[in-house]
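Just below is one structure, and these are the notes that go with it.
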Amino acid sequence: MQYHAIKRSKLIGPALKTTAIAANKREAEQSCLALLQACDAVPKLAQLHGHVLKLGLRNNPLVLTKFTSTASDLKAIDYASPFLFAPDADTHLYDSFLFNTIIRAYAQTSHGKHKALCFYNVMLEGAVLPNKFTYPFVLKACAGLGDLNLGTSVHGSVVKFGFDDDVHVCNTMVHMYCCCSGGIESARKVFDEMPKLDSVSWSAMIGGYVRVGWSTDAVDLFREMQMVGVRPDEITMVSVLSACTDLGALELGKWVESYIDKEGIQKTVELSNALIDMFSKCGDVEKALKLFRYMSGRTIVSWTSVIDGLAMHGRGMEAMSLFEEMIGTGVAPDDVAFIGLFSACSHSGLVEKGKSYFSSMVENFHIVPKIEHYGCMVDMLCRAGLVKEALEFIQKMPIEPNPIVLRTLISACRAHGELKLGESITKELIRNEPMQESNYVLLSNIYAKMTHWEKKAKIREVMDKRGMKKIPGSTMIELDHEIYEFVAGDKSHKQYKQIYEMVDEMGREMKRAGYIPTTSEVLLDIDEEDKEDALNRHSEKLAIAFALLNTPPGTPIRIVKNLRVCDDCHSATKFISKIYNREIVVRDRNRFHHFKDGMCSCRDFW
DNA sequence: TTAGGGTTAG
């Protein structure tokens, strides 16, 4: 009976004395189990460890199992595993449950995925049979590592041991393949071969498509799910909303919101966060703010999503005041929230504010800046045209700049005429990263601006020789719940003749209004007239022409560009907004541009 | 006595 008292009091010290004088092994074992049940901190576990050894319970399976699960609950598995696998341990006593506990504990940690798999191997070598609970943990570890070969071999074992008909195991397998680079096809194969699919299976596959950026496939699969009559839940809807966010499909997103309401799907905090993120990234930041204001139980993710949304729309001052409000309500900013805040400063030209927040992050919030934070600062300085200061900042950073940071600096060099500097940094970058195509594109762009056509042509040769290609720019537009995608010079659309006539008309009208084509944007060595022609075939202009043809006069036009919008399209869109009296909302890779009456909300910071 | 899918940034 004294053990119940131990459980209640949680006083390990006095209880240990009782245990030490236990009359026999059975009593000692019971006492230890009760103590472990009561243990709620790692130091106490350390104390108990000593007593387990002292009492000769070193190889007692019950005690070991309890010890392991306690360590797992206390996230102290690193402390427990040497004890379990010490040279004098009787590992032949260990059963599946014990191994599952260890594997689960390691699979849950960020650093222990490899160890989880090591223990899985120890399990197999020790002839302990894995059971249906083992594989979800093992597959989770594989998913975390993103190692396709490893995942494929575990898949083999799943089949060998006959767990490939278990829906839990198969769902985790779909998820695992989705997390491995190049595994999406295998995920789909597992998914297609499953005897029965539940909402988790569909969510895993839809989420997987979103993860790899196949958002239209994700939406199609969601439609298929509805057709076969599996009821989606709030988790499914989070993934579907992510797909809308990725596509910039506001109309579809709105439909998803009404579907959630109509079906009575529970609006969890995570689902509300996904809705906020969708609205702010699809251009309706007001709606995002409204949802944010009405939601209960906001988390740091809710705040960050809405701050980020404001940042993308160039509403830096509002983003800052929301950040202050967040701190005021007692939510501590994390490293991600600071990235949103810095991007707000960056996109609104608030350099001094950004610098002071950077100091505050380190001094007041004790967040160690990561490369992403340094990257934001470099971006901020570069956008403001302070290229030299950005260079000095990089030289003073305590960590090595990564290629992303260097590419930011190089783009700024090109934009602000520091061509020699840009050239030398890019050459250095190419030496370190010879197979990264974007480095060659940068150098090629710099040579184009320097009008060094021969050097530029040479770069193209090298790229062709190594089989590298430039990522084609594309622009998406949503019309009547359909998504249309245009690439430069696209002729695949059935209206293409009308679209090109419209583009030509737009060009004539713009010139009349004073537009001068930014021909230095064109990366080909061709004469000026052809350059203008190439600019007019940019995917942004095709999508805008398509919208002008197919939407009523005066209605807003929303387009989504996969890369950063080019200087010429930016300038042209200002003219188009005025000439055709249209509000044009462009989402590019970095941010939103609201064009109205010949002006852009970004005030040319982008 | 143990199991599966989801949200912010880069």
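Worth knowing before you read on, the calculation uses all heavy atoms, side chains too, and leaves out hydrogens, waters and symmetry mates. Every chain is numbered from 1 and lettered A, B, ... according to where its sequence line falls, protein lines coming before strand lines.
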Side chain of [X] only, please: which of [options] is the nearest?
{"X": "Asn273(A)", "options": "dT7(B), dG6(B), dA3(B)", "answer": "dT7(B)"}
{"X": "Asp308(A)", "options": "dT2(B), dT8(B), dG6(B)", "answer": "dT8(B)"}
{"X": "Val200(A)", "options": "dT7(B), dA3(B), dG5(B)", "answer": "dG5(B)"}
{"X": "Pro136(A)", "options": "dA3(B), dG6(B), dT8(B)", "answer": "dA3(B)"}
{"X": "Val238(A)", "options": "dG6(B), dG10(B), dG5(B)", "answer": "dG6(B)"}
{"X": "Glu270(A)", "options": "dA3(B), dG6(B), dG10(B)", "answer": "dG6(B)"}

Ring-ring centroid check [X] [Y], cutoff 6.0 Å:
{"X": "Phe137(A)", "Y": "Phe99(A)", "answer": "no"}
{"X": "Phe323(A)", "Y": "Phe338(A)", "answer": "yes"}
{"X": "Tyr374(A)", "Y": "Phe358(A)", "answer": "yes"}

Can you check the [X] [atom1] to [N] [atom2] distance for me, whole Å?
{"X": "Ile399(A)", "N": "dG10(B)", "atom1": "CD1", "atom2": "C1'", "answer": "13 Å"}
{"X": "Met312(A)", "N": "dG10(B)", "atom1": "CE", "atom2": "P", "answer": "9 Å"}
{"X": "Met176(A)", "N": "dG6(B)", "atom1": "CE", "atom2": "C1'", "answer": "19 Å"}
{"X": "Asn402(A)", "N": "dA9(B)", "atom1": "CG", "atom2": "P", "answer": "18 Å"}
{"X": "Phe137(A)", "N": "dG5(B)", "atom1": "CZ", "atom2": "P", "answer": "11 Å"}
{"X": "Phe99(A)", "N": "dA3(B)", "atom1": "CZ", "atom2": "P", "answer": "18 Å"}
{"X": "His175(A)", "N": "dG5(B)", "atom1": "NE2", "atom2": "P", "answer": "5 Å"}
{"X": "Met278(A)", "N": "dT8(B)", "atom1": "CE", "atom2": "P", "answer": "13 Å"}

Is Phe97(A) stacked on the base of dT1(B) when the test is centres under 5.5 angstrom and planes under 30 degrees? yes

Below 4.0 angstrom from OP1 or OP2 of [N], is there any side-chain N or O of [X]?
{"X": "Lys66(A)", "N": "dT2(B)", "result": "no"}
{"X": "Arg211(A)", "N": "dG5(B)", "result": "no"}
{"X": "His168(A)", "N": "dT2(B)", "result": "no"}

Have a look at [X] and say if it touches a base, only the backbone sugar-phosphate, or nothing, with a 4.0 Å heavy-atom cut-off.
{"X": "Val306(A)", "answer": "nothing"}
{"X": "Thr172(A)", "answer": "sugar-phosphate"}
{"X": "Lys140(A)", "answer": "sugar-phosphate"}
{"X": "Asp277(A)", "answer": "sugar-phosphate"}
{"X": "Ser199(A)", "answer": "base"}
{"X": "Ser302(A)", "answer": "nothing"}

Pair of N/O donor and acceptor under 3.5 Å linking dG6(B) base with Thr268(A) side chain: yes

I'd like to know if Asp198(A) reaches the base of dG5(B) with its side chain such that a donor and an acceptor end up less than 3.5 angstrom apart. no

Lys/Arg cation over aromatic Phe279(A): Lys287(A), 6.0 Å, 45° cone: yes

Which ones in residues 319-344 of chain A lie close to DNA chain B, meaning a heavy atom under 4.0 Å from one of its atoms? Val336(A), Ile339(A)

Does the side chain of Thr236(A) come under 3.5 Å of the side chain of Asp233(A) through a donor N or O and an acceptor N or O? yes

Check the side chains of Tyr209(A) and Thr216(A) for a donor-acceptor pair under 3.5 angstrom, ignoring hydrogens and angles. no

Spacing of CZ belonging to Phe119(A) relative to OH belonging to Tyr94(A), to within rounding of 0.5 Å: 10.0 Å

Closest contact, heavy atoms only, Ser96(A) versus Leu129(A): OG-O, 2.8 Å

Residues Thr152(A) and Leu148(A): closest non-hydrogen pair is OG1-O, 2.6 Å

